[in-house]
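Notes follow the structure.
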Amino acid sequence: MSSLSLPVATLGVPRIGARRELKSALEGYWSGKIDAPQLLATAAGLRASHWARQQALGVTVIPSNDFSLYDHVLDTSVMVGAIPEIYGWAGGKVSLATYFAMARGSQGPTGEADHAAACGCGAPGHGLPALEMTKWFDTNYHYMVPEFERGQEFALASTKPLDEFLEAKALGIVTRPVLLGPVTYLKLGKAKDGSFDPLTLLPDLVPVYIDILRRLAANGAEWVQLDEPCLVLDLDEATRLALRNCYQTLARALPDLKIMLASYFGALGNNLDTAFGMPVAGLHVDLVRAPDQLDRVLAKAPRGLVLSLGVIDGRNVWRADLPALLDRLEPVVARRGTDHIEIAASCSLLHVPVDLDLETGLDPDLKGWLAFAAQKMGELATLGQALAGGRQSVSDALSAAAEASARRRSSAKIHDPAVAARLAVVTPAMASRAHAFAERQKLQHDHFGLPSFPTTTIGSFPQTEEVRKARSAHAKGTLSDSAYDAFLRKETEAAIRWQEDIGIDVLVHGEFERNDMVQYFGEQLSGYAFTRHGWVQSYGSRYVRPPVIFGDVSRPRPMTVGWSSYAQSLTDRPMKGMLTGPVTMLQWSFVRDDLARDQVCRQIALAIRDEVVDLEQAGIGIIQIDEPAIREGLPLRRGEWKAYLAWAVECFRLSAAGVADRTQIHTHMCYAEFNDIIDAIGAMDADVISIETSRSRMELLDAFVGYRYPNEIGPGVYDIHSPRIPAVAEMTELLDKARQHLAPGQIWVNPDCGLKTRKWDEVRPALENMVAAARQARL
Ligand code: GLN
Ligand code: ZN
């Protein structure tokens, strides 16, 4: 590795290990198979290997404290001692038991997290709830929401950033520690009773940061990275002021420590002046999500400031066209000089899989177009060397990248003229049903003759041990196609008979044949690929393996018609066809970066439309198109919402509107704050929407009521996230609440979501009760 390089930084790397070592260790620890020292040793081993890997691949600015056993926001809460009272922490070192109780709740007495002592209810084994969890900006990573009390006090309760800095130092690597910045940290949290703005706690919080930063500086840290991704959000003046005050205080207290202030996930936009007004030594900007901000950034950046240019995509899996990047970067370096530029990933590499080299089964062409975290480190190093030592110093790597890009651009695997031709003739009429809802409703009522308060479920039934075993045996080849098929048929038939027995009105086949609601469809669509080891952290020890949309999407053949028509053939009741919607198919995948997202989504919409039409042809009169991810696709900036919602709604409608008025289109969304997007939900014009409302005791319906939502709604009456079996009276009460606001003819009766994670012993009585509650409502 040539030593001539501009500084290059990852900002953070995946924690999970190439073989998901962290997951195994955590689960081993939680189940008692390994002890704390073993867990901590695995964690230290992972950190050491991450540092060594980055060093070997030519990363020169190596982060520490980017590792976490569970979540870096939780780590920050623990560091500053923001530990809610119920966890019974009495000061001093925070134990693993307390840490994991905050992360995932605790089942019962575990050391200081002993609930009986802490909550005072005295019930041993009653358990403690986890902190709330929510999405980290617009990623699929979830963090533990900090919870603050009135008069919240902070104290340095963990020196993790220092410990890990010293750990790396002992291995001969001087790292740049990463900490979540104080302002973003507070903004991500919430006041326990909602009665005050967490930002008001800033003056009390900053001293704790000063404390830890001083210790880092005293132990040899020259730089630290403070992440303030809130800089890419719409900020009010109070937050901007808080940022300025915070960083002025830090600068005064730590005049010699250099702070790299990191913004990512979007453009600084109208926060640009705020960002450049801060007394920091460096600023990181995301030039992948917001390439256009480069000129403004360059125009504003003070001379002595180190600019960290985030040019390697930390959110997606595509190999970079390095010569093209150099074309943009070389003039910048010429202008600012090599001293004040750093080359970086756009954001932490946490959001991409670990190592492409592990993928032995991928199509070699596709593999040549991809880069996971390890490959991105190599790309960063190549850029750093090219900018310091000239392109010829890394000419092989550059030409390989250029060739891969050229091959990708012209590959027939990506460009399907038939898909393009079809998209070109999409008309607005194709996204509209023939008649308005009121007319469709009459036809559908006459046709299906359903009772009022019709009952249905969201699609999946328990994915039992047996079902999963059969699937994996089939995947391994130890269970033949025909035996697997027979098994699935048997499961499906049993589910149908049981639904008939208990009196469900609109049946589902149970989705036993599906591994996952996106993967199942992606595997049958052209343009989608799947990895074997491409895991990324979703939360804690839960990882997902998003599919890769690499090319034009189309549906070579029907995907669900076989199962749905088999199921319908077994019963006289209406069988609901079950599909995943285009926005969700897009949102839960790595999406190609050579075509606008809305275009990719339209392609998927047409593929789903084909399936909807085929289901109708096969005699399926009710079709549900699930769109749980519509809300999470909302851009971070409000100004961009309208455009997103317009194409998201259009895509849903395009997928749904190919059928006759008599065919009833359902959609389903999980928990969401609907107020902001209710117009869009109305515009989707599904005949029936089912939503999650039981936990909020129908409060989530308010948005629909305020909007006078005219179509039919199934507000969930059964909280499927809990093993609890709801009593008839509870569900009746919820239905009564719904009836206060909605017309009786509008209301469907269903659980909050699919039942795949539940056990039959829970599902059976719960749904029997649900049917009883619907019958009472009809009286
Ligand atoms: N039809 C899917 C199921 O029942 C819907 C899942 C979801 O909304 N996340 O599992
Ligand atoms: Zn759901």
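Numbers here simply count residues along the sequence, with the first being 1. Counting convention: from 1, in listed order, for ligands and their atoms alike.
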Q568 (side chain) donor-acceptor with M575 (main chain) under 3.5 angstrom: yes
Taking Q624 for the side chain and I458 for the main chain, is one N or O donor matched with an acceptor at less than 3.5 Å? yes
Count, waters excluded, of protein N, O or S atoms under 2.8 Å from the Zn ion (ligand 2): 3
Worked check of salt bridge (charged side-chain N to carboxylate O under 4.0 Å, His left out) between D687 and R433: CA-CA 10 Å; D687 297 305; R433 305 286 297 272; 2.9 Å; yes
Is there a donor-acceptor contact under 3.5 Å from the side chain of S722 to the main chain of D719? no
Ligand-protein N/O pairs under 3.5 Å (ligand 1):
residue: ligand 1; atom: 1 (N); partner: I458; partner atom: O; Å: 3.1
residue: ligand 1; atom: 1 (N); partner: E511; partner atom: OE2; Å: 3.0
residue: ligand 1; atom: 1 (N); partner: D626; partner atom: OD2; Å: 2.7
residue: ligand 1; atom: 4 (O); partner: I458; partner atom: O; Å: 3.3
residue: ligand 1; atom: 4 (O); partner: S460; partner atom: N; Å: 2.9
residue: ligand 1; atom: 4 (O); partner: S460; partner atom: OG; Å: 3.1
residue: ligand 1; atom: 8 (O); partner: H668; partner atom: NE2; Å: 3.1
residue: ligand 1; atom: 10 (O); partner: S460; partner atom: OG; Å: 2.7
residue: ligand 1; atom: 10 (O); partner: K756; partner atom: NZ; Å: 3.0

Tested for side chain to side chain donor-acceptor pair (under 3.5 Å) against Q463, the lone hit among K756, E511, R471 is R471
More than 12 foreign heavy atoms under 6.0 Å from CZ of R778: is that the case here? yes
Drop me the distance from I677's CD1 to R631's CZ, to the nearest 0.5 angstrom. 5.5 Å
Mark yes when over 12 heavy atoms from residues, nucleotides or ligands other than D572 sit less than 6.0 Å from its CG; otherwise mark no. no
In this structure, is the centre-to-centre distance between the rings of F265 and H351 below 6.0 Å? yes
